[in-house]
2 protein chains.
Amino acid sequence: MLQKTNFFVYPNLTPKDSLFVIQNAVAKQSVLLIVGNCRVDYEGRASSKLDWGERLVMIKSDRSILIHRSTGYEPVNWQPPGCIIQTELVSGIDLKIRAIRSQPRETLEILFDELSLVTILNLVDKGAFSLYVSEEDIKKSIMLRPSLIEENFRCIIDEKMQPTGFIDIFGVDEEGNPVIIEIKRGTVRKEAVIQLRGYVEPLSKTNPKIRGIIAAPKLGKGIKPLLDSMNLEYKRINVKKCAEILKRSEGSKISDFFTKPKS
Amino acid sequence: MLQKTNFFVYPNLTPKDSLFVIQNAVAKQSVLLIVGNCRVDYEGRASSKLDWGERLVMIKSDRSILIHRSTGYEPVNWQPPGCIIQTELVSGIDLKIRAIRSQPRETLEILFDELSLVTILNLVDKGAFSLYVSEEDIKKSIMLRPSLIEENFRCIIDEKMQPTGFIDIFGVDEEGNPVIIEIKRGTVRKEAVIQLRGYVEPLSKTNPKIRGIIAAPKLGKGIKPLLDSMNLEYKRINVKKCAEILKRSEGSKISDFFTKPKS
DNA sequence: TCATACATGTCGACG
DNA sequence: CGTCGACGTGTATGA
Ligand SMILES: [Mg+2]
Ligand SMILES: [Mg+2]
């Protein structure tokens with residue numbers, strides 16, 4: 001057993017000896033890595049079985065669990081944060097880890113018959129994470145500079161004035177016509193057009209002059225005719241310009257752009 | 001340095017010494033775990049910065065990369081499989097790992113100034129993975145037993161007979177009316193209804209007797225009236241019954257239900 | 001709790 | 001290479 005300030009490595013533990021180590025690590029909210037020969041059963045929204053083989057199991061501070069094989073970005077099995085974790089010795093020789101989630105009800109069972117390597121990590125991490133440009137960022141920059149949509153476009157902030165809750169931006173054009181804007185951070189596909197139509201259509205019955213505009217950096221192939229057929233519009237958005245606009249105004253709400261890990 | 005048959009553990013490597021170890025592990029398509037103090041920059045569809053802190057970086061056999069903090073099911077930064085990985089010593093003291101993806105063009109840069117623990121894993125894993133019930137499974141069971149939809153319903157297999165490529169099942173009811181079936185493995189939401197309408201509507205212009213049926217285990221709240229208003233139907237599916245039907249007929253195409261890791 | 005929409009979604013299939 | 005739809009999607013948000 002090697003000990004350093006922030007990690008512990010346990011090669012070739014017996015399942016029996018691993019029990020205390022693992023329970024302790026979970027209780028202390030360490031990050032736990034278990035490498036060994038295992039079998040995995042999942043039951044919930046779907047069901048799955050994974051036959052015996054060597055995998056890397058990660059149990060994180062928030063009790064999220066990821067089971068990784070040697071390939072694939074995505075874990076072969078997993079449990080999102082917050083599940084209940086139980087450990088148990090089976091037949092005196094195997095380690096069973098059970099992780100249960102209640103909503104939706106899902107159970108994950110990992111049975112190890114051999115543990116090559118158990119590692120406990122206490123990660124010190126206060127680093128800020130910032131990401132742009134999200135759809136929310138585009139929205140903010142349009143709010144800050146409505147001319148990104150068109151001259152004399154005005155956003156209506158008051159939520160009481162908004163027709164429904166899912167509209168990205170509601171505003172008024174220079175003629176006073178109501179405008180619904182659907183923002184996409186990537187290429188506009190058919191789905192986005194249908195989504196916008198879903199917002200516009202019910203309102204156009206009471207006000208036929210209502211306009212629907214998709215604001216996005218790129219239009220997919222064949223989308224322009226579709227928009228035309230539904231009498232909807234497209235406004236190209238330069239995401240770099242959005243980043244500029246936000247950067248210039250960041251003094252006020254810099255906290256919006258940074259998040260820290262919860263633990 | 002500890003050596004076992006299938007893993008190597010390197011505590012407290014200097015960035016300089018880590019270079020060979022890491023390059024070698026990537027070349028040999030091992031699974032590589034790097035724990036240390038790092039900073040991460042990502043640029044691509046979006047851009048992100050992650051300030052200094054301790055994280056676990058996983059480089060898998062297929063050159064997928066995951067950067068995990070102490071919490072969160074999802075990695076804070078990542079690169080999907082197949083990226084190009086470059087390693088470099090910066091200023092003689094820091095380790096830079098760069099992972100580049102070409103489609104879409106995205107770069108991930110990790111800069112380590114301290115490596116607590118480098119682990120190399122050679123996972124032996126031939127275990128089969130099977131999952132059910134997917135939408136595809138429901139489709140197969142309806143094909144095997146069309147009465148799951150209704151008595152005397154018949155599926156039309158011939159793709160040349162199918163109106164468009166995205167329809168889950170195309171068939172004919174006992175009156176000879178064409179039927180389009182949209183399958184959902186979970187709760188039916190508005191989106192699924194709109195999707196089905198998108199398939200049915202263009203065809204109902206030439207044949208007004210065409211029917212659209214959503215086959216799923218559950219109907220969302222408020223979906224029934226929506227279906228009615230669009231003249232679409234709902235057929236409840238018992239997924240356990242689907243599993244039964246497939247299990248009984250599995251002799252023929254058992255290979256469809258199992259996949260093995262690529263490496 | 002349920003419904004809705006975003007995501008660097010990822011992944012696979014098809015054209 | 002782009003488009004489309006499934007996914008145990010996960011995650012945040014609002015009713
Ligand atoms: Mg929106
Ligand atoms: Mg479908």
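Ion pairing between a basic and an acidic side chain is recognised when a charged N comes within 4.0 Å of a carboxylate O; B:D51 and B:K49 show no such pairing. Residues A:R55 and B:D125 are paired through a salt bridge, judged by an N-O separation under 4.0 Å between the basic side chain and the carboxylate.
In this entry the distance linking CG of B:L131 with P of D:dA6 reads 16 Å, nearest Å. Atom NZ of B:K139 and atom P of D:dA6 are 11 Å apart (whole Å).
Judged by distance alone, with hydrogens and angles left aside, B:E191 brings no side-chain donor or acceptor close enough to the base of D:dG5 to form a pair under 3.5 Å.
Residues satisfying the side chain to side chain donor-acceptor pair (under 3.5 Å) test with B:K139, not counting sequence neighbours, are none.
Ring geometry for B:H68 versus A:H68: interplanar angle over 60°, hence perpendicular rather than tilted (30 to 60°).
With C:dT8, D:dT11, C:dC6 as the candidates, the nucleotide lying closest to the side chain of B:Y73 is D:dT11. Nearest nucleotide to the side chain of A:R189, out of C:dC6, C:dT10, D:dT3: D:dT3.
Annotation: proximity of residues 211-226 of chain A to DNA chain C (heavy atom, distance under 4.0 Å) is found for no residue.
Separating the P atom of D:dC7 from that of C:dA7 is a span of 22 Å, rounded to the nearest Å.
Where stacking is scored as ring centres under 5.5 Å apart with planes under 30°, A:Y42 registers as stacked on the base of D:dG8.
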In residues 81-88 of chain A, what donor-acceptor pairs under 3.5 Å come from side-chain atoms, sequence neighbours left out?
unit_1 : atom_1 : unit_2 : atom_2 : d
A:Q86  : OE1    : A:R98  : NH1    : 2.9
A:T87  : OG1    : A:Q23  : NE2    : 2.7

